[in-house]
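Read through the structure below, which is laid out as structure tokens, and then see the notes.
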Amino acid sequence: MTQEDILARLQTVMDPEIPVLSVVRMGIIHEVRVQGDEVEIDMVPTFAGCPAIAVMRQDIERVCYEAGAGTVRVNVLYRKSWSTNQITPEGKHTLKTFGISPPPEIGPELTPEDLVQAQCPRCDSYNTRLMNSFGPTACRAIHHCDDCHETFEQMKPL
């Protein structure tokens with residue numbers, strides 16, 4: 001069992017709030033260490049109060065034990081900040097295909113424009129407007145496209 005084996009297995013652990021996106025593509029897996037049959041994983045949650053942390057931790061432990069691990073430790077790193085820049089390009093493509101506008105790459109500081117600008121996942125237009133910054137989860141907002149007239153969710157940039 002290697003680090004690559006564990007990372008491959010973690011591709012099957014989906015974010016419970018976005019069930020098409022793995023924890024690896026979401027960028028919350030910070031580090032994987034394998035020594036013999038011991039696996040230690042550091043994960044950085046998207047939000048400190050994310051209700052999916054416990055479910056993801058259990059799923060991560062399960063796939064590691066299924067891979068043959070004798071001991072698994074999943075550390076949730078609250079002191080390290082997660083950023084939407086950590087979502088992999090494959091993850092951003094998956095979000096768009098699922099109908100959620102992926103967050104834009106952000107610079108060293110988040111600007112007000114970063115929070116209101118969203119690309120429509122259906123027609124690719126930027127002629128969109130923020131309807132509600134409170135979406136179905138803490139990490140999503142609701143936007144409307146004035147070109148194709150669709151309402152859609154965007155993963156909030158952080």
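This chain uses plain numbering: 1 for the first residue, then up along the sequence.
- The backbone N or O of Ser83 sits less than 3.5 Å from a side-chain atom of Gln86, completing a donor-acceptor pair.
- With rounding to the nearest 0.5 angstrom, the OG atom of Ser22 is 12.0 Å from the CG atom of Asp59.
- Partners of Thr88 by side-chain hydrogen bond (donor to acceptor under 3.5 Å, both in side chains), not counting sequence neighbours, listed by chain and number: Glu90.
- Shown here for Val13 and Met56, the closest heavy-atom pair between the two residues is CG1-O, 4.3 Å.
- Atoms CG and CG, on Asp146 and Asn127 in that order, are 5.0 Å from each other to the nearest 0.5 Å.
- Pro45 has its side chain within reach of Tyr78: a pair of non-hydrogen atoms, C-beta onward, lies under 4.5 Å apart.
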Trace of the side chain to side chain contact (heavy atoms under 4.5 Å, CB included) decision for Ile106 with Asn85: CA-CA 7 Å; Ile106 55 172; Asn85 288 348; 3.6 Å; yes
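- The shortest side-chain heavy-atom distance between Asp5 and Val34 does not fall under the 4.5 Å cut-off.
- At least one side-chain heavy atom of Leu95 sits less than 4.5 Å from a side-chain heavy atom of Ile18.
- Note on ring orientation: taking the six-membered ring where Trp is involved, the planes of His149 and His144 are tilted (angle from 30° to 60°).
- Note that CD1 of Ile142 is 11.5 Å distant from OG of Ser101, once rounded to the nearest 0.5 Å.
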Side chain to side chain contact (heavy atoms under 4.5 Å, CB included) between Leu10 and Ile41, worked out: CA-CA 10 Å; Leu10 291 176; Ile41 297 171; 4.0 Å; yes
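- You'll find the side chain of Asn75 reaches within 4.5 Å of the side chain of Glu40, heavy atoms only.
- Of all the heavy atoms in Cys148 and Arg122, the pair that sits closest is SG-CB, 4.5 Å.
- Under the 4.5 Å side-chain heavy-atom criterion for Ile, Leu, Val, Met, Phe, Trp and Tyr, Leu7 and Tyr65 are members of the same hydrophobic cluster.
- Of the inter-residue distances, the one linking Leu77 atom CG with His30 atom NE2 reads 6.0 Å to the nearest 0.5 angstrom.
- Of all the heavy atoms in Met1 and Gly36, the pair that sits closest is CE-O, 3.8 Å.
- The backbone N or O of Asp114 sits less than 3.5 Å from a side-chain atom of Thr111, completing a donor-acceptor pair.
- When the side chains of ILVMFWY residues are joined at heavy-atom separations under 4.5 Å, either directly or via intervening members, Val20 and Val55 end up in two distinct hydrophobic clusters.
- Between Arg25 and Asp15 no salt bridge is recorded (no basic side-chain N to carboxylate O distance below 4.0 Å).
- Placement of Leu158 and Val23 within a single hydrophobic cluster is found when ILVMFWY residues are connected by side-chain heavy-atom separations under 4.5 Å, directly or transitively.
- Closest approach of Gln154 to Pro104, counting heavy atoms only: NE2-CD, 3.7 Å.
- Looking only at atom types and distance, the side chain of Glu38 has no donor-acceptor partner in the side chain of Thr71 under 3.5 Å away.
- Minimum heavy-atom separation, Asp37 to Gly68: CB-O, 4.2 Å.
- The line from CZ of Arg73 to SG of Cys64 is 12.5 Å long, rounded to the nearest 0.5 Å.
- You'll find the side chain of Asp147 stays beyond 4.5 Å of the side chain of Cys120, heavy atoms only.
- Nearest heavy-atom pair, Phe152 versus Gln119, reported as atom, atom and distance to 0.1 Å: CE1-O, 3.9 Å.
- The hydrophobic cluster containing Met26 also contains Phe98, counting ILVMFWY residues as joined when their side-chain heavy atoms lie under 4.5 angstrom apart, directly or transitively.
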Chi angles and distances behind the side chain to side chain contact (heavy atoms under 4.5 Å, CB included) call for Thr46, Glu17: CA-CA 11 Å; Thr46 56; Glu17 295 177 340; 5.8 Å; no
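- No side-chain donor-acceptor contact under 3.5 Å links Lys96 to the backbone of Asp124.
- Atom CD of residue Glu150 and atom OG1 of residue Thr128 lie 13.0 Å apart, to the nearest 0.5 angstrom.
- Arg62 CZ: more than 12 foreign heavy atoms inside a 6.0 Å radius.
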Thr94 and Thr97: CA distance, side-chain angles, deciding distance, side chain to side chain contact (heavy atoms under 4.5 Å, CB included) verdict: CA-CA 5 Å; Thr94 300; Thr97 301; 5.7 Å; no
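- Atom CD of Gln35 has 12 or fewer neighbouring heavy atoms from other residues, nucleotides or ligands inside a 6.0 Å radius.
- In the hydrophobic clustering of ILVMFWY residues, with side-chain heavy atoms under 4.5 Å counting as a link, Val44 and Val74 come out together.
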